[in-house]
Visitor: 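Before I ask anything, let me first share the structure, which is written out below as structure tokens.
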Amino acid sequence: MGFEWIKIPYSLLTLFIVVNYGLLLNALIAKIAARVGRRHGIPIWQNYVDMIKNYGLRTSITHGVMFYMGPVFRLSGGVGLLLFVPTIYGSVMFSNLSFAGDLILALYFVFFGTLGMALGAGESGHPYAAIGVSRGLAQVTAAELPFALAVFAVALQYETLSVTEIVAAQQGSYLNWTLFTNPFAVAAAMLSFLGSMMRPPFDVVLAPQEIPIGPPTEYHSSYLALMQTNRAIFPIAKMVVYMNLFFGGAVSWPIFFVKIFLIYMVSVLVGVVFPRFHVEHSVRWFLIWAVPLGVIAVAIV
Amino acid sequence: MDKKTHKDPAKTSAELPSVDLNPPEVQPQKPPAPPAERTIELPEELRKRTVKGPGGVEIEVEPLRDYYCEAPPTVMPAAYSKIVEDLFNWARAESIWILGFGTGCGAIEMRPLMTPRYDAYRYGIQWRPTPRQANLFVISGYLSVKTLKRAIRSYEQMQNPKYVVGLGSCTINGGMYWDSYNTIKRLDEYLPVDLYITGCMPRPEALLAGFMDLKRMIRAGEAEGANKYAEYFDWYKANQKRVIKDWDMPDYSW
Amino acid sequence: MVDALAIIYLTLGTAFLLGLLRDEWRILAYGITLLSLAMVSGIASTWVWHLADNPAESVEIMTAGASPPFAINLRMGLAEAAALMLATLTGLASTIFLKDTLLRLGRRAMAVLLVFIMAICGIILTRDIFNLFVFFELVVIATAGLVLLSHNERSLGAGFKYLMASQVVSILLLVGIIFNYHVSGSLNIDDMAGMSDMLIQTTPLAFFLLFIALIVELKPFPANGWALDIYESAHPAFSAILSAAAGTASLFAVDKVLAIGGDSWLPVATGIGVLSFIGANLFALAQTSDRRLLGYSSVAQIGLILAIIGQRDILGDSYWLIAGGVLLAHAVGKAGLFWLSGLIAERELTAWTALRDRPLLLFAFISFIALLIGLPPFPGFYAKWELIHLLAGADRIALIVLILFGALLETAYLFRWFGLILKHDEVAEKAPCPIQKVVVIYSAVVAAWSLAYLWGELSVFGNLMHAIPLLFALLFLPLEGLPARIKNVLAIGGLVTWFILQYPLYDPLQLIFGAIILPGGALILLASFHNQGRRIGFYPAALWMFAGLSMLIVAEDSFTFFAAWESLTIGSYFLILRGKHSQPHAQSYILFSLGGAFLMLLGFALASAGNPLFPLESLTTVAEDVAPWVFILLALGMMTKTAAIGVHIWLPGAHAEAETDVSPLLSGILLKAGLFGLFILLIYMGRQQLYGIDLTHVLLWVGAISALLGNLMAIYQEDAKRLLAYSSIAQMGYALFGLALMNHLGWLMALMFVVNHYIYKSMLFLSVGGVAKRTGTKEMYRMGGLITLMPLSFIAVLIGIIAVSGVPPLSGFGGRWIFYNAIMSAEYRLPMVIIFLAGPIAFLYLFRLIHTIFLGQLKDEHRKLKEAPFWIILPQMIYVACLMVFALAPGLALRHVDAYIDNFFPRNGLNWEGLTITSTYGYWSPVSIMIVVGVIFATLFAWLVFVNRRAQKVKQFNIVFAAERPYRPETTHFAWNFFAPYRKALGFMTQPLVTRFWATVAESLHTSAELFRRLYTGDGQTYAIQLLGFVVAVYLLSSGVFYGV
Amino acid sequence: MEHIALATGFLLILIGLYGALTQRDILRMIVAFTIANTGVNLVLVAVGYIRGRSAPIINDNLPAAEATARMIDPLPQALVLTAIVIGVGITALMLAYAYKLYILRGSLDISKIKELKW
């Protein structure tokens, strides 16, 4: 896995595509959610405008070094996760920087952003930020367990930890996706996917209006802009991992866009329907429903 | 800078009483006199106190100085080149984030904007729970002195550029509370207002039309209320302190 | 050589000579008494010296020119000589101690004392049973006389009870003697021993009476109310003689007389001995008066020796070494403690706090306690080791368990006593130190340590006092006077040079542990530079622990392993005890550790099947049926040290209450001793089956559950150090899990954890300690917003929590990556579920640690805090550098170890060439991750700085507080009960079940002790009735022995 | 016949022990113990008795030559002497204790001396 310098422009290209796709996808999803409520919904390019406006704001305040670096941790977590996992299977251009680490790197790099964001929110001195972080961390422990079990089951099934090999094993017809070869693992993973997407059943962390948007309460102007870029990249990066592991990866960008959209719709559909869980309910819910699936997946693989 | 007023389309101009709807122009001047020395007695938690730190060291704690940043607001120049400023103004116009702080009876009018019938989201308008992330502060109706104190604090916590829209006549000339002992009569003296939307509570359509006007002003670069507040900060502060008797907070709440 | 009889007639002669002197010539009388005692002990010592060279020829001394049946003969062998020397020296020391009392009482007391010493020597020497009776009666008369003379109001009652009991004993003895004579025709023990089987057939009752009378003379457990009152009320110096010298003599008599009864009576002696050992120790738990406690302890020790005598048949030639070791240890220890109690005014245990600021006397106290319990360098240790092994050889497991249980009870109340002295809140005024008393005590200490040296020489395992690390630790005792900084330099220098010396001998596994223990320990000791003053007691204890650790990793055979294990336990106990409120936790630590050590002793004994010399390698060839039990015992012993769940309750208190630089020592280094032990165990014993269950699977479950519960309990802690302590339990659970996977990468992960855990846990403890030193509190919710005031500590904790949580750029991720590869090839997958849940939970308490201390609202009283002291910051910064280097190049430490593990598990290792580390399943290149993350972070940071140039620095209350003004920093800092919702969800898992279990165990022991000690009602008659009841009970119980059933 | 002495000896021992263990008064206990002692001494002597033999005094009517055939076993008698002496010693001590306890406590009841217990 020698390091070729050409990988950098290629990964920047992937990053550019994914950022734009992310912003448009978020807007589209918001519009679909609006249309469900028979509202016209935001224009597709609204995310771009919001980002430019936030970058363009003239003043900003800072509570300290950690507060300043919070969004940087967050965004580098999102970008890193995206770049450490190959997006398009088979193409050298879009295998990004996946030579650095395998599936486990992706699994643990998710926490890099969360930890940085938590520290930044903590430095802001706002009690709601701390409450939001404590809820988020508490929920993530239960949400991560089924995903870890699913990943372990998949790794056992394909006898490898490198993402490209897992995707390679799922090529051919859609029948040999992990979805069909190991449905329990996919079920557990998708349930934990709901937990990590900050959508209504499990969005007690941000809980808009309740603890005014939780951790990012004190963030504004360019910090918020960085977070918005992350909100575009991070879900996509996470879904890339899900796609590669469970849904046969993407051979070309159109397939990539469709699959990501469909995976995203899973959390949207669930999110639009359900009310918000308390933290203990969501922890209990994961341990009761999602973990047994994961255990079965590991047991039968 | 002339103030555009917006008539309520539902009434024809004939039925309106012949009241001069254009209040005399209020020009913020240099501050007349230094603000009166703080008369009230600070609440217990803000009084200066000495605390024994670990290892017996004596610590002088002056809450207003130690807990709050005392820097005054500064006038923020626009971006260097005009093109960039126009782009930013366009972006600011297209994505107005309103602070979810309903100060008066007009707040109920803003709720329909979130519903399918009026749907302000089409215009990039969105409600944000925290002043940090808000750009527009809608003062919806009469403003009692107590609410003014909170409104000032929230306004000051918003980031430059920020806009204020006053709803209804109560913000223009006191409206039906013109002789009330505890409401403020002219919002303009306390906060730099960019736009008034008249109507004893303008309907959602009026609000939308008002917001369209505001968009035009922002795009034209006329909505520089934040800089005006910073420029004439002392004048505004003097007016505010004259009305708010229990002033127990720093001059500018960052 | 002077004739042995000189001992008797010299003392008797001076006793009568005193009668001639005028009453007021007391000084002269005292001088004569001292002189005679000195001469007598001189004679005894020359005999010991002479017989030590050629032990074969013991001397028979004929009296009245005729051979035994018609005259009394005395024998002077090596054992007798040693016992004589002990008796006379104790007598001499006590007389010196009693100087002013004797001068007050006059020459009559001196005469009685001399007769007392003479009678004791007579018991030891005589081979004639009636003569034995005479000397016993002399002892009784002398004791009662001395008690009568000592004008102590309470002791009169005790004296009378003593006389009543001795009347009953003399009746039994006389009847026994006469009937034995009637059957055997001779009074001489050797003749009777010749025809012992005939004797037993014809009149077993006669021998029984003789035997039981002597046994009662030893004050056995149920029938010794009268003896305890004597111990409690008599003058301590006199109780010293009674317990040490008279105890030895009566034990000697029992040993001689048992020869007559033959081997069939030995079980009876063992039974009574073990019963008194356990019963007396149990009752001692509930004692508050010091001398009564010492009385119980001496009854217990004599019971133990009686049990050893009872095992004479299987102990063979090392019988004298064992019995002698325990006996001499008991005698010197007990006498020393009685003499110490002479210095203390009140009789409450808490009154002993008078010794607190007398370091030398404290050292004496500790030496005597260590002597009694049998801790490493002292003879009791060698004796107990051989005894347990020989008993295991003869397959008497129940007896071993009882003896070890009794020893554990003994450690409980003795160490509780020591804890009280050091840590009891109200301190009694300083103990007076008259010269002659202090000299006697110090001579006892010298005797104790010379005994340690002597027994080291005699024992076949190599003398512990020759071990250089231990000697280096002892070197710090005389240096206590120096200021702490000089001693610190010495200690660091010693550790580093010892590592350099030992470096070539280490194999990669030992190298990893050695690198953590020695240079790692030196690094932590850097933090000790911040204390001024002399820090009495810190350096000997710390270096004793380091000595134990460094000997542990190079131990070849089970003896050095066990000796190292116990010395590191003792050293760490004293370190823990230094904390302000750490006494209860140090107590639970020592009990768990020594309990674990005794389990390991039993394990080694079972493994070695009887021969005390047992090389560790031969653990592989242990017999099939006993191997799983050996595995369980050794694993349990070692897990007490890694605080696996179930035996973990000592760890949080011990780490939280220890001093700033002691906590990292404990958490970073001491826990690794347990891991090293488990490594050795799994290397040699591998997988074991017990009733079809694979024991490594059990270890897997224990490791997983410890990881989960450790993390879970850590979340709800309010005290920062307790949080880190529970986190250590969890991390050790992880390492144990890795070890129990029994595959190449599992072990590599365990070793990676060993290194990682040492680095970040020491760093975290040091930074939390520095913060606690500055803020004066360990409660997290009281701190907050310290990031601006203590930036370096913040950086250390930040790097620490990133490493602990396993987030990629740092070395924690390496551990997790190897863990994942390890479980890929593991065949038993169920515990994975718990380990996966435990992983993310680590985030919770790590964030809580850094948030509540450094982020959030700054409190008023902390506005003027300075950064932590330089010497506490320096090691942290070194650790940060270590973590960075270890993150970038894990190969440095792990490459050799990876190769080393190959010869246990050849398949699926890692290959290290180039930047990327590849395993059979995945790949990981730490350098490129670091670069990628670094580059991304830097570019985005630059982009934010560019875009966000004019950020206004605001203070702590400029927050969006729903348009209101925050009230006070305390009310706006969210830290108390940080994870309340999580407690609702998973709180049920952290019920303190284990704590409650151990509390009930301790409680039941105390209440049973409290309840049953009511047996001693204080009424002399009930004591006499109990005595007779005991005799009848033993008669009935041992009837099996009688009729040869 | 010759067992009478032995039997009385044992009887005396039992009486003595019974007396010592039931009487509250210290002096009575001491007397009881002395009875027990005399019982023991009687047993000691009785053991040495051989029927039809004379006392072990070597004089003209018992020459040393056939002494061993015609005299009883002399050794128990020698032992008895020391036993008696020791019994006297201990009883004297007990009386001294009784005297001291009486001065101190004013009463001779053994059950009063119970402050040292548990």
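The model shown is predicted, which means the values in this text are computed figures rather than measured ones. Within every chain, numbering begins at 1; the chains are lettered A, B, ... in the order of the sequence lines, protein sequences first and strands thereafter.
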Visitor: Restricting to non-hydrogen atoms, name the atom on A1024(C) and the atom on L21(D) that form the minimum distance, rounded to 0.1 Å.
Guide: CB-CD2, 3.4 Å
Visitor: For the residue pair L101(D) and G157(C), what are the closest heavy atoms and their distance?
Guide: CD2-N, 4.1 Å
Visitor: Side chain, backbone, both or neither: which part of F179(C) has a non-hydrogen atom closer than 4.5 Å to chain D?
Guide: side chain
Visitor: Could you tell me which of N37(D), L93(D), T91(D) has the largest number of non-hydrogen atom pairs under 4.5 Å with chain C?
Guide: L93(D)
Visitor: Given heavy-atom pairs under 4.5 angstrom as the criterion, report whether the side chain, backbone, both or neither of L1028(C) touches chain D.
Guide: side chain
Visitor: Apply side chain to side chain contact (heavy atoms under 4.5 Å, CB included) to residues F133(C) and T82(D) and explain how you reach the verdict.
Guide: CA-CA 10 Å; F133(C) 161 74; T82(D) 2; over 6 Å; no
Visitor: Among the options V43(D), I26(D), L44(D), pick out the one with the most heavy-atom pairs lying under 4.5 Å from chain C.
Guide: L44(D)
Visitor: Among R105(D), Q23(D), M94(D), single out the residue with the greatest number of heavy-atom pairs under 4.5 Å to chain C.
Guide: M94(D)
Visitor: So for F160(C), is it side chain, backbone, both, or neither that comes closer than 4.5 Å to the heavy atoms of chain D?
Guide: both
Visitor: Would you find more than 12 non-hydrogen atoms of other residues, nucleotides or ligands less than 6.0 Å from F1012(C) atom CZ?
Guide: no
Visitor: How many angstroms lie between CG in L6(D) and NE2 in H182(C), if you round to the nearest 0.5 Å?
Guide: 8.5 Å
Visitor: At a heavy-atom distance under 4.5 Å, which candidate from I141(C), L138(C), V140(C) has the highest pair count against chain D?
Guide: I141(C)
Visitor: Mind listing the closest non-hydrogen atom pair of Y1023(C) and L116(D) along with its distance?
Guide: OH-O, 4.1 Å
Visitor: One pair to check against side chain to side chain contact (heavy atoms under 4.5 Å, CB included): R1014(C) and K117(D). What are the steps and the verdict?
Guide: CA-CA 8 Å; R1014(C) 296 286 188 278; K117(D) 56 184 182 295; over 6 Å; no
Visitor: Could you state the interatomic distance from CD (Q167(C)) to CD1 (I30(D)), rounded to the nearest 0.5 Å?
Guide: 9.5 Å
Visitor: What are the two closest heavy atoms between T1017(C) and K114(D), and how far apart are they?
Guide: O-CE, 3.4 Å
Visitor: Quick one: closest heavy-atom pair of I171(C) and A36(D), and the distance?
Guide: CD1-CB, 3.8 Å
Visitor: What's the verdict on side chain to side chain contact (heavy atoms under 4.5 Å, CB included) for F130(C) and L75(D), showing C-alpha distance, side-chain angles and the deciding distance?
Guide: CA-CA 11 Å; F130(C) 189 78; L75(D) 198 105; over 6 Å; no
Visitor: Do you know the tightest heavy-atom contact between R24(D) and D1019(C)?
Guide: NH1-OD2, 3.9 Å
Visitor: Counting only heavy atoms closer than 4.5 Å, note whether L1015(C) contacts chain D via side chain, backbone, both or neither.
Guide: neither
Visitor: If you count heavy-atom pairs under 4.5 Å between each of D73(D), N41(D), L79(D) and chain C, which one has the most?
Guide: L79(D)
Visitor: Go through the steps to decide whether Y97(D) and V147(C) satisfy the test side chain to side chain contact (heavy atoms under 4.5 Å, CB included), and finish with yes or no.
Guide: CA-CA 10 Å; Y97(D) 266 98; V147(C) 164; 3.3 Å; yes
Visitor: Just how far is it from atom OG of S233(C) to atom CD of E115(D), taken to the nearest 0.5 Å?
Guide: 9.0 Å
Visitor: Please state whether the side chain, the backbone, both or neither of V40(D) comes within less than 4.5 Å of a heavy atom of chain C.
Guide: side chain
Visitor: Which region of E1010(C), side chain (C-beta onward) or backbone (N, CA, C, O), has a non-hydrogen atom less than 4.5 Å from a non-hydrogen atom of chain D, or is it both or neither?
Guide: neither
Visitor: Below 4.5 Å from any heavy atom of chain D, which atoms of Y296(C) appear? Answer side chain, backbone, both or neither.
Guide: side chain
Visitor: Should we say atom CZ of R347(C) is surrounded by more than 12 heavy atoms from elsewhere, each under 6.0 Å from it?
Guide: yes
